[in-house]
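What follows is one structure encoded as structure tokens, with my remarks underneath.
Along the sequence shown, residues are numbered consecutively beginning with 1. Both backbone and side-chain heavy atoms feed into the values below; hydrogens, waters and symmetry mates do not.
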Amino acid sequence: MNVMNGKVTSYQDEAVCALQIYPRFAIQPGQGCILRVPKEATATTVIKTAVATLDMDSSKPYILVEVQEYGGEEWVLQASDQPVQRVLLWPRKAQDKHPQSDGYFFALQEGSYDGSIQYDVMASVRQEKVAQGLVNRGFVTQHPQKYDDLCNLPELTEESILGTLRHRFHKQKIYTFASNILIAVNPFKFLPIYNPRYVKMYENHTLGKLEPHVFAIADAAFHTMLNKQVNQCIVISGESGSGKTQSTNFLIHCLTALSQKGYTSGVERTILGAGPVLEAFGNAKTAYNNNSSRFGKFIQVNYLESGVVRGAVVEKYLLEKCRLVSRGKTERNYHVFYYLLIGASEEEKDEFKLLRPEEYHYLKEEIPISEDQAEMKHEFRRLHQAMEMVGFLPPTKKQIFSVLSAILYLGNVMYEPKVVGEGLKVGPDRVLSAISDLLKVKVELLVEALTTRKAMTANDTLILPYSPSEAITARDSMAKSLYSALFDWIVLRINHALLNKRDLEDICLDIEFDKIFSSSQCLSIGVLDIFGFENFKMNSFEQFCINYANEQLQYYCNQRIFKLEQEEYMAEGIIWHNIDYPDNIGCISLFSKKPTGLFYLLDEESNFPQATDSTLLEKFKQQHQDNPFFVQTPVREPAFVIRHFAGKVKYQIKDFREKNTDHMRPDIVALLRSSECSYLRQLIGANPVAVFRWGILRATIRTLAVFNEAGRSWAEKHPGNIYAILFISFLNISDLGLGSIRELHAKVLQSLKQFGGEVPQKLQIVLNVILLFSVQNLIDSHSLKFIMGLTQHNRATRSLLHLHTKKKPPSISAQFQASLSKLLETLRKAEPFFVRCIRSNGDKREMHFDDALVLQQLRYTGMLQTVRIRRSGYGAKFTFKEFTEQFRVLLPKEISTPQQDITSLLTKIGLPSSSFQIGRTKVFLKESERQILQEALHKEVMRSIIILQRWFRACLMRKQYLREREGIITIQVLFVWLARGCLVINSATFPGPRRNPTIKISRATRVQEKWNASLDREITDSNELHHLDEFLGNQVCVLSETEKIFFLATTQFRDTIKSMYSISNSNIGYKDLMSGYQKRVASLAGLKKASEVPLVVNLFQSVLDGFIRGELKRLETEPCKERNRRKSKRDKCPDGPLGHLFSTYQVTIMQSCDQCSSYIWGMEKAFMCSSCKMVCHKKCLSKITVNCTGHCDRKKEGEQTLHFGVPLCALVRTADSVPFVMEKMLVHVEMNGLYTEGIYRKSGSVCRAKELHHILEKDPQAVSLDNYPIHTITGLVKLWLRELPDPLMTYSLYNDFLYAADLPEASERLRAIYRKLDELPPSNFSTLERLIFHLVKVAKEEAHNRMSANALAILFAPCILRCPDSSDPLLSMKDINKTTLCVEILINEQTRCYNQKMEEIQQLENAEAMAINQLKLRRQNTVRNFTYWMICTLPFNSFIFLKKLGRTNTGIGIGPDTEFLYSLKCPNTKRRYHTACDKCHIQTKKHRQQTAEWSY
């Protein structure tokens, strides 16, 4: 059976598959049976068939075990599992035939009747794998790995290093440390160890504390950059096929994940999308590697000081263009051609005129690709998505694919001699026609460029025909030049997309020296993925340059690891014995030493027209015959040998000169410049900035020409129109430069205002768009120039050969040396981390370890010497100043002699003398000892903090005790004095016996008692609060202006009610509402109007009593209706499966599903839990059986829990509810304490706080908070938050919130913080939302309680956003400002939203009141208009009759002592005449039909 791209194929039958079953209790090892079972067969069916086939006892229970010996894994299949589906996850070679010797097989063993597994019968499995299987199943604890760091080996030899790597490799542990150097052995297989949960696992951990991993290096580089504020670089080295490209992808993935703290900008997305695009266009399949980088790249990611990505730059080195036209038999062309041909749709194939791969000359030489078609279709879809992430629009992608198709068609151009005359005949015609259509060039010019060349003489230009070999060379040169230009353009566009627009604000242009530099400094991490060392059967100019780059890289590593390290030890005067290491400076001199270096000799021969490859080889041998790194070859063999650090390599001298001067030919340049496609003209432009500016100028001229023509014709038809002025103003635009467009804009606006007043809005928009278009594009040209300045060394690669210039562009080797020198200069300015990639075997076999090949790589990289110097050397180095600043807590207060004090400190801690040395200016420590010192510092800081807290609390308690003692003494003195005074007065005034006066209860007192009885009712429905709000609104509308206190207090109280029913609080009593209202009235009245407080309270209580009675009647008459709760965004998945919080996640590197263990390909959509970082398919969400480890499980029904110091999810019943104790305390504070000064700043009595704490723990339902001071309750609110095991803004998101708060722009900070809030667990989100709303209400009363948003943030930030206890306290102190800012941003934003919502509510209420009044007036007017019409039509006598009768037929009464409400005003006398007046009835009748207006 074979598996290809997820599809099962069998060599015999696709419906039936073969399984090999081996019984564990077999007498002879390897004895088993082969079963042919259908694909859908379950484990139960397979067990029954195997038992019958092996003639075993069918009465016993059996289990089927899947064994993967290489991974040390064994899985017991359940009854419903399908063994064939498990086989699909094995390596391909193990799927066809899986004997026991290959390590992948099924084992049949006896099981127990109770379902348990008997492991004592596993005699055929080694003891180590049995133990590993038990560890994986969780039956035994994991023992720490002894030798995950080569520096810890007891015996340091080549054999011990090789054995350790082999042992770990067979356990699928491909990473190993050598101090801070990571060794990665390529398994040629994807391992499921790169999911987001691994990024989270290694985040902010000391290097070496966890299992070796490439993510550990990325995290170490990231946090070292932040802590030291120094640029970092990660140098990945190794030969071709060792996995450098994949390691680079993993590193970039981890670095972007670490930087996405709260805010995912477009830069991270572009960086992740750039990788697949560059791989598709720059990688190919070779003999050693299926995804070999055929170019070098250096990705430099720029960061702000806070760790947020600011921008990035991608630099490329030496694309292997010759691969496009020729390759080895087992190799392929660039990936993108196969992706396009196989993955394109039928419409795309017709549009780009695509053929089958074997029909192209450039593609038909390699092995068939039928086995990879499904994978290539997926990669084409992935390429589409990646190009969209980078910013390529659909028209741009079509143009790119058209160029790729044209390049392939160029390979099908054939030549043959003409029958008549000289020259060549080119064809076939359909190929030429296809190229012409794709490139938008004329066929005649295309044929001329492919068959002839132009030669310049002193007086004339000669056209010379090509020979057949020259024509083929010209054709291939056109294809290579076109592909190289396309690749350069893609890199340029990626860099433009990665550019941070804020960098342009800091750009300074020095026109005199033509330099561009940025005045703002930022941190960076560079990842170098350069081509590995190559030694093929046929090595040419490309391998010559590639291996030279690896020589330089090896020299850089030796300098950093050996030379500079040992020189520093000698300069500091510490005891050290030098370690010899392989030095390759001689080989580098052979290449690049002036004037006899191989590169310089190559350039010299390339400039001679009569020189050949043979003369070049002779010059090589003549100049370096005595060089030990240059090996002579037989005379007739056209090759030479160089002794590299990795071994001898033989180079074929053929085409060295041609490849060194392989530029775009002038005839081809002229042809492509004649294209009608503007995109193609951009590709061949020597300077992208000039091409861009010319495109703007050309488009502007064409636009203005069309605009002028249309404007002139329209102005002639509409003379004198205001819009004609605009067109006339542009008639002479061609005389103006682009720099005067702004002046023209102002001039046109001024003219329009003079002729036509205000400028119409549409016309204003048109003018602004024109101005913005012109200026904005010129600014973009600055960004292009800035990018060209960053990649200055790449500008020469776009050099062209022109007909009218004698100066030749630099050679390919000169360009390569310049770019390599710039790269090494960048690396020297940064602190390096090294990743050594090792190729496990030469056949690309999965999980196969070739001892000889691995040992060879270990030797030439000097791994033994590297481990030795890392083991003997000192990984941690501090200057005396740095040491005293960092560890000043451990040192004495006064340091007189740093050497002695530091030595005594290290000795006191217990560090052995061999683990540290004190130099002249520095302290040298081993890494393990530095960690011990850091732990000692952490403990001492924590001890000091506890002491400070103890003394501070003691001082506070002492101060409070003295204040209370003084108050008690004062009260006692006053009481004694008053008692004595009253006694004297009473004795003098009433010498006889006294009587108690009669207490009279007034009516007001009795009414108040009645009102108090009605306040015992509690509000259980938010609708009742809404009705109360409307009722109070109607009451305050009829009050007089003199009752200001009542009006203000009631208005503010209505805002409180709105806030209460908007968040659906728990049961609220009317007594609490009344108590809050009374405090509000007392605060508004002050001391001057304190006497008005009882009157206002009694008035409000009477109003409230009336509402309660009406509400009770309404509830008796209306049935209770269940109100549908409005669903929020978080209700889409309020409670994920088993506590998980899943959200959509776009995969950038291939990962594995944590549920079904199958692959998740790059650019696919998956689901990730924001808490535990679990990743799975959408279809696997319903199959999850593992609880989320990010927060606790739900509380079981009936389980008794405490209320303080308990995980939040155990205190709530539903995901969107708030814990009862917290809600109870917040409501009480809102009702009774908003006007208390320093409500959260002052602390209450410790004794009362302990008492209330105990009662709330025991029975929170029965406790009455009215019996306790408000400061005691507010102190318990903060205590409840501090005692949460995981704070509201969880530990896992602590760093994310810090990074979000440190973003430069306010809008970005706000958006980033709210994005992270969405990742909180539902219970945390709901509780935090309630708390922030409470703080908003407190901050709104700042005038009374003196608690601003900043003050509240300072108090509550340590309670809800605190760092883990394991964090360095000194570093966490630096984060106080960020945590405070984060909480303050939340309070201010929610305050803004609160005020905005209240304004909207007020506007709606005003609009409602206005609408109601207008409706009443319209109804009244309708009735009165009808009455007036009746009056006007009745005779006057009838009206008098009606008047005497006292009633009209309209129903409006006119009594004997009343007048009619409507009056008329005489238009002559302007006096009002009433219809009920007998004196003016004649005039009223006369002017009845001439009524001027109504009056009321």
Would you say W1280 and L1211 make side-chain contact, with heavy atoms under 4.5 Å? yes
Check whether any side-chain N or O of T1379 sits under 3.5 Å from a backbone N or O of I1376 as a donor-acceptor pair, and report yes or no. yes
Side chains of F222 and E203 in contact at under 4.5 Å (non-hydrogen atoms): no
If you count every heavy atom of other residues, nucleotides or ligands that lies below 6.0 Å from Q229 atom CD, does the total exceed 12? yes
Quick one: are E1237 and N1345 in side-chain contact, heavy atoms under 4.5 Å? no
Heavy-atom closest contact (I1387 atom, A1353 atom, distance): CD1-N, 4.2 Å
What heavy-atom pair brings M1225 and L1276 nearest, and what distance separates the two atoms? SD-CB, 3.8 Å
Do R1311 and E1308 pass the salt bridge (charged side-chain N to carboxylate O under 4.0 Å, His left out) test, and can you show the C-alpha distance, the side-chain angles, and the key distance before you say yes or no? CA-CA 5 Å; R1311 187 162 57 251; E1308 292 182 356; 5.1 Å; no
I'd like to know if the side chain of E1230 pairs up with that of H1334 as donor and acceptor (distance under 3.5 Å, no hydrogens or angles considered). yes
Taking all non-hydrogen atoms of both residues, which atom of P1219 and which atom of T1327 are closest, and how far apart? CD-OG1, 3.4 Å
Over all heavy atoms of both residues, which pair between L1265 and K1224 is shortest? Give the atoms and the distance, please. CD1-O, 3.8 Å
Answer yes or no: does atom CD of Q899 have more than 12 heavy-atom neighbours from other residues, nucleotides or ligands under 6.0 Å? yes
Separation of N1388 CG from L1352 CG (nearest 0.5 Å): 10.0 Å
If I compare all heavy atoms of V1263 with all of L1256, which pair ends up nearest, and what's the gap? CG1-CD2, 3.5 Å
By side chain to side chain contact (heavy atoms under 4.5 Å, CB included), which residues pair with L1310, not counting sequence neighbours? Y1314, I1385, E1389
Can you name the nearest heavy-atom pair linking I1313 to C1382, along with the distance? CD1-SG, 3.8 Å
Does a side-chain N-to-carboxylate-O contact under 4.0 Å join K926 and E929? no
Could you label the plane-to-plane angle of the H1253 and F1204 rings as parallel, tilted or perpendicular, counting under 30° as parallel and over 60° as perpendicular? tilted
Check step by step if side-chain hydrogen bond (donor to acceptor under 3.5 Å, both in side chains) holds for E1384 and N1350. CA-CA 6 Å; E1384 185 178 2; N1350 179 261; 3.1 Å; yes
Are the side chain of R1241 and the backbone N or O of R1346 linked by a donor-acceptor pair below 3.5 Å? yes
Any side-chain to backbone donor/acceptor pair from T1274 onto I1239? Under 3.5 Å, distance only. yes
With distance as the sole criterion, is a donor-acceptor pair present between the side chains of E964 and Q960 under 3.5 Å? yes
